[in-house]
Structures are given as structure tokens and as C-alpha cells.
Number of protein chains: 2
Amino acid sequence: MAAASDIEPFWGAHQSGIVTATQRHAVLAAFDLYTDDRADIVEVLKRWTTLAAALTAGESAQVPVYQGKGVPTDAFAGATHQPTASDSLDAWQLGAQRLTVTVGFGPGLFTKNGKDRYGLAARRPAQLVDLPQFPGDQIDESASHGDLFVQVCADDPQVAFHAVRSLARIAPEVTTLRWTQIGFSPSDTGGTPRNLMGFKDGTVNSNGHPPADLDASVWAGDEGPQWMRGGSYLVFRRIRISLERWDRLDTAVQSRMVGRDKVSGAPLGGHHEFDAKNFDAKDAQGNPVIPMDSHVRLSAPENNGGAMMLRRAFSYNNGTTPFTERWPPWRQTLAYDAGLLFLAYQKDPRAAFVPVNQRLATSDAMSQFTTHTASGIYAVAPGARGPGDWIGSTLFA
Amino acid sequence: MAAASDIEPFWGAHQSGIVTATQRHAVLAAFDLYTDDRADIVEVLKRWTTLAAALTAGESAQVPVYQGKGVPTDAFAGATHQPTASDSLDAWQLGAQRLTVTVGFGPGLFTKNGKDRYGLAARRPAQLVDLPQFPGDQIDESASHGDLFVQVCADDPQVAFHAVRSLARIAPEVTTLRWTQIGFSPSDTGGTPRNLMGFKDGTVNSNGHPPADLDASVWAGDEGPQWMRGGSYLVFRRIRISLERWDRLDTAVQSRMVGRDKVSGAPLGGHHEFDAKNFDAKDAQGNPVIPMDSHVRLSAPENNGGAMMLRRAFSYNNGTTPFTERWPPWRQTLAYDAGLLFLAYQKDPRAAFVPVNQRLATSDAMSQFTTHTASGIYAVAPGARGPGDWIGSTLFA
């Protein structure tokens, strides 16, 4: 049913969905674990792997339902008596659509509320830090974190959601959905896509233009636990953009905040998107051409000890949030709840996302228009090598 | 920039976005009016028309900002000093993407809180009824209604949202966003698309398979006010589907609730999607082959005095809503906030949506799995005939 060009490879040393060219749609989902039995997690990860391999190949989802051993009985359990449930058919005949399923492990898999539920506490990588509270953070805990995480991407929104639903159906008593979030990217026009701020997003450090040495910046190596070799660490942030205010600024003002020309994407002082950034250049008045508080200056690898990440950018649009103005006549008004799903894969968040975001949250002029409202960090295990292997086998072995 | 095949015509006797083949993405947006000056509404509608004509032709949005006369001054008004603001560029070079902008008038435009703000109360069509409370409704008022409404559809999600943002920017002090809601439809596979329940959606009464006589069922005629001739009435319902429960049912059980075979889409007892429905057929036990409480039986035009509507179906996925189970061990769990954006255009909701939905809400077996959580009804004026004309000209003339 699926054309070969629509199929992204599933098996391999690394999970797919990281260096994979960005698809048009994403559904992110996090799960909490209610079982006390380590064997339940192993069973679910094996079944998730089998299902993900089938779905990404464009096959239908015959969902092998699993009740779990270490969980209380659900009042609706009678409805799940079938060992294998039928495909829900909402993505039937739509093909593979470049579907990828990328599985991550949250800190809660290793310890939760101080408890080592599955005997994994000693295997938690030092790289999997608890993220600090950054200046300006307004994190909604109910849309953050999660013991397990999946990033599902596809060129069709229904195919992506179908995969999440199918994964969630396998063992709802073991892995209970904590939150989901959908995102989109614009149609491919050949160049770097634009985000909702209207700027090109992904000129550097993205899977469109990745760092030259992935082993140095993205893939986990010998510096951490062996079970993570070939994996990566994912930092997720849902970043709300005050579009209703941003849209009122002059393009020139926006460009100075970003440090790039809005139309061409060139660093200020340059002419083309990929021109070198000249952070020393001064204008006639002696002011830096690329402002001191611009996003580009503060985030550039050369100004952050070489810190690199591989970002996959999706926009999101969760509608609008009402609030009442704080000045007369106290009118009811609305803010967009829309912006960027920031997904950054990295070798060590302690050397990449954490220090870079600390600078941005403190000093970036653009941060006046952005608010981080959800957050997560996950250890993305290496890939499953082939049929019979499963994602997480190196951790639970 | 835009290929001709990507452009849907804007000018005409009817607004586009009604019989137009369904696009891949929708952004719905409703606005409340804070002005006391009728001239402000006229000015906004003229500017919306000009902007919508440009955007649907694939041109960029030079937004003619309007402060309004009958509204209080905004503390941020200084930022809108430019008579024309630049395009926000987030959809630049993406092309027209079959963009359509369809404008509707809510009951609040005619009277609000008992007040005839704009001298339009006497022109309110009888067809623009206040919808009753149906059994099972759980309507979120903050995601419902609105004095003005736009249905924006396009084959690219960023192009659709860009149009809403651009319209909202013209006069934020006059037309303040009340809510927005995004939706999607799956890739075109040639057949009737499937909804999130996994069933073909749109076999009858949809813009994929429209009623034969649009003048009899969709377009307003001489039975109502002259200013609405060539317009239509839109009923919007956001219908949440309990996917987490639906996905646990046998396919056969689902098919009996719908009254159609899930795989083929054929009415039960038939073999092909478009086979005639035999409501009199009985099985060997004497039971109706198409159950009495099935969706197809209760909604069929032939069982509703011929009531027809033109539906445009989009799915939505707003993530998940946490709740605590009502039985031991009172586990925290999640429900999908996902389902269907029901958009039905009709000549007279009093003879179509209202009585049909009353039956469905009362008797449809499928209603156990659906909840209407947002609602709106809008008078969708006739189209603007050409440059110089504007949507709403017949009402305000």
C-alpha cells in the first residue's frame, strides 16, 4: 500500500525521527506508569517496537492488547478481552506517510517520588538532568514531563495521531497518557521553513542543516552509560509566542531582535542566509550591527563554547486564551496560545540546552515575546537493531 | 507565486469555502465586537474583503490597520501607528494553497444583551435561531458563539493561520478574537475520507457528495430576508469523541452503532458505500438489519422529512484532558480532547440541523461516545460580486 519513498527506515543503530528530514505533522505524547512490575515495562516496550515497525512500514495496526501484571484491574477491562484488537482504520489506506516513532525515557522511569520502582535508579544517566527553573518559565506541569515519551511524525496528521492512539491502546492500564500535543510545519518550498514569527527557522543546528559531526553533538558515546550509546537526549519545550503583540512590531525591529534580516534570513550585515556572522562589525555610530541582546548573538555556537543541538521545529496552535486587560476599561481580550514546539536532540544537555537557554532566558530581546509553557527531558535510547530487538533492550538487559 | 490550480475563486454570488472541495486544514475564528459605531463594522468588513481577496489569490498581506471610532483607546495603540502594516511573512512564498475565507454573522451582531447596537435587530433572519440546549450538550461558552466568524481553509496549516492572524490584525480594538480552533482532514486517497472514528465521513450530505439541489437545501432564497439571498446558515459544533473508549469496541459493534460497515462504508445489508439503504430489511431473528438506534437510520434525510445539509468535515485534536476515575483506586487518567469539527451549511437550521440533532442527541447509540463541547450559528452572507463590493454589503446597505 505504501510507496517505498514514503517509508522511513525503522531499524538501526539510532532511532529514526531524529536526523530524519522534518515531516509535515507531529503528535507528541507522554505516558505515566502505574505498574509496580518491571516486566510490564519490558512487555510494553517490546510491543511498542513491534507495532512501530509495522506502522512505519505502512502496515495496519493489529494491536496486541496487554493487561499488565502490576496494575489494578480496570472497571472497563471486560471490553479489552481480545488478545489482539483490530486496527481503528482512521489511517487506513493513507500509506506510511514517512511516519517515524521515537521513544524516550523520562526521569520518572528511573526514580519517582524518591522510589526506585523498577531497579533502574543506578542506570539513570547523569546527562538526564532535571531541568532548572529558567527566568520567565511558566511551566504547566500537566503538559510536561512523563515517564515515557513518544515523538510521532508523519506527512499526514491522521497517520501520526493514529500511531499514538494505537500505541496508547496496547496497555492503557500500564502506560497511561499524561499529555499529547500536535504540531505542524509548513509546506516544503525548497528553502529553510519559516516559523510563526515569520523568520526562517533552522538555518543552523537543525535537521535541515545539521552539525557536521553528529557524534560530537548529538549521539551519546562513551562519556555516559553504555546502554545509551547511539542514543541522544531530547529537550522539549513548548514556547508560546505573543503573536498578537509580535505582529504589531515593525519588521526592522523584529529583525534587530532576531539578529537576522526577516526576508532573506541573512545575519545582519550580511546578504545571504548562510553568510558568516560578523559579531565584531559596528555601524556608523559604533553600535554592534548584530545587537548585543539579539537571539542570533546569544545562541550562536561560537558564543556558547561550541554548544550544538539538532533541532526539529514544529509550530503549534492550541487556540486562544482569554484574559482581562489590567487597565481601564478592563476589556476582555485574547492571547494566542500558539508558537513553537522546540525539540532539541543533544549529546549532553548540561553542556548545550541548559547553559544556552539560561543566557537566552536572561538576555535575549526576543524573550519578551516568548514564554516556555511546557517542558520535558528524555533519554532517547539507541535504535532497535532489527526484528526481535526492541527499544530499551540495552537498558533493561 | 501561486499556481492557478492552487487558487480558489473569491468573488461570486456565493462565498467560497462552502461547496469548495475540502482543503487539508482549517482555522476557525470568532470575534466579539467592542465598538458602538456601526461604521466601524462596515470599515472592517470592507478591509477584510480586500485582504481576503488578496490572500486567496496568493498575494501577501499588506494589512490596512484601522483603529476604530467607537472603541476606547488601547494602551498599546502607539505600536499601530502605521496605516499599513507589513506582511508577517510566516506564509510567504507558500502560495495560495487553495485558501478560502468564509465570513459569518453571529446573533450578537444583530442584538447583544438585549441591545440593538448597530440598528440591525430588525434585519436578523428568522433562520438565525438561538440553538436550544440539546440532551448531553456540554458547551464551553468561551469556545462558542461570536459576533463575527471566519472559516479559513487551506491545504497548508500555516497559510490558513496566517490569514486569520492577518484579519485579526486589521482592527484588534474593533474585532477582538473570542476563540480559534484548528482542524485537519487526511490526505486525499480518492475515496471518501475517514474520520477519527475510522468511518468514512461524508458519503451523503457533504461537499464531497453534495445534495443535488443546492438551492433547495443550502442557499438562502426568497423565504428569508433579501440581504441573505445566495448566502447560507452555518451551524458549527465541536464534537468530542471518546476515542479511548471507542477504540476498545469490536469493529462489528461500532458498525452496528453507525449502521454502516466500517471497512467498505456500505449501509448494513448492502455491499458498496453508495448502495441504497434498506431500512425495512430484517435479519433471520426479525431484527432490523440497520438497527433502530443506528446513526445512519436516525440521520438519513428520508427519515427526517428530507432535511439536507452540506457538511464540511474536519477532525481536531486539542490534546488530552485529565480526570480522576470515579472508582477505586481513583486513578488519574486521561481522555482525548479530539473529534470532529462539524460545519453544516443549510438553508434553514429550523428544518435541518435542529430537528435532526434533537433525534440524534436523544436516540443515537453513537451519542454514547460523542459530546458536543462548542457551538455556534452564523448567517453566512452572499459573496462579494467583485472588486469594490464587500461581504456584508447587502446587510448594511
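In what follows, every heavy atom counts, from backbone to side chain, and hydrogens, waters and symmetry copies are set aside. Each chain gets a letter, A, B and so on, in the order the sequences are listed, and its residues count up from 1.
- For the set A/D90, A/L89, A/D87, the entry with the most heavy-atom pairs within less than 4.5 Å of chain B is A/L89.
- For residues 159-169 of chain A, heavy-atom neighbours of chain B at less than 4.5 Å comprise A/F161, A/V164, A/R165, A/A168, A/R169, sorted by residue number.
- In this structure, the portions of A/V263 lying under 4.5 Å from any heavy atom of chain B include both its backbone and its side chain.
- Taking chain A as the reference chain and counting heavy-atom pairs below 4.5 Å, the highest number among B/D32, B/T251, B/L196 is found for B/L196.
- Between the OG1 atom of B/T180 and the OH atom of A/Y336 there is a distance of 7.5 Å, given to the nearest 0.5 Å.
- At least one side-chain heavy atom of A/D156 sits under 4.5 Å from a side-chain heavy atom of B/R24.
- Contact tally against chain B (heavy-atom pairs below 4.5 Å) for A/Q158, A/E244, A/H25, A/Q181: the top residue is A/Q158.
- Among A/D247, A/N318, A/T320, the residue with the largest count of heavy-atom pairs under 4.5 Å with chain B is A/D247.
- Between A/P172 and B/R248 the shortest side-chain heavy-atom distance falls below 4.5 Å.
- Heavy-atom pairs under 4.5 Å with chain B were tallied for A/M197, A/R178, A/Q254; the largest tally goes to A/R178.
- Proximity to chain B (any heavy atom under 4.5 Å) is shown, for A/S88, by both the backbone and the side chain.
- Neither the backbone nor the side chain of B/T321 comes within contact range of chain A; no heavy atoms are under 4.5 Å apart.
- The stretch residues 185-200 of chain B participates, sequence neighbours left out, in these salt bridge (Lys or Arg N to Asp or Glu O under 4.0 Å) pairs: B/K200-B/E273.
- A/I182 has its side chain within reach of B/I182: a pair of non-hydrogen atoms, C-beta onward, lies under 4.5 Å apart.
- Residue contact with chain A, scored on non-hydrogen atoms closer than 4.5 Å, involves the side chain of B/A338 exclusively.
- Looking at B/F199, there are no atoms closer than 4.5 Å to chain A (heavy atoms on both sides), in backbone or side chain.
- Most heavy-atom pairs under 4.5 Å with chain A: of the set B/G319, B/A143, B/P186, this distinction falls to B/P186.
- Considering all non-hydrogen atoms of both residues, B/S187 and A/L94 come closest at O-CD2, 3.5 Å.
- Ranked by non-hydrogen atom pairs under 4.5 Å with chain B, the options A/D337, A/D155, A/N195, A/V253 are led by A/N195.
- Contacts between A/N317 and chain B at a heavy-atom distance below 4.5 Å involve backbone atoms as well as side-chain atoms.
- Only the side chain of B/T189 comes within contact range of chain A, with heavy atoms under 4.5 Å apart.
- Closest non-hydrogen pair, B/P157 versus A/S185, comes out as CG-O, 4.2 Å.
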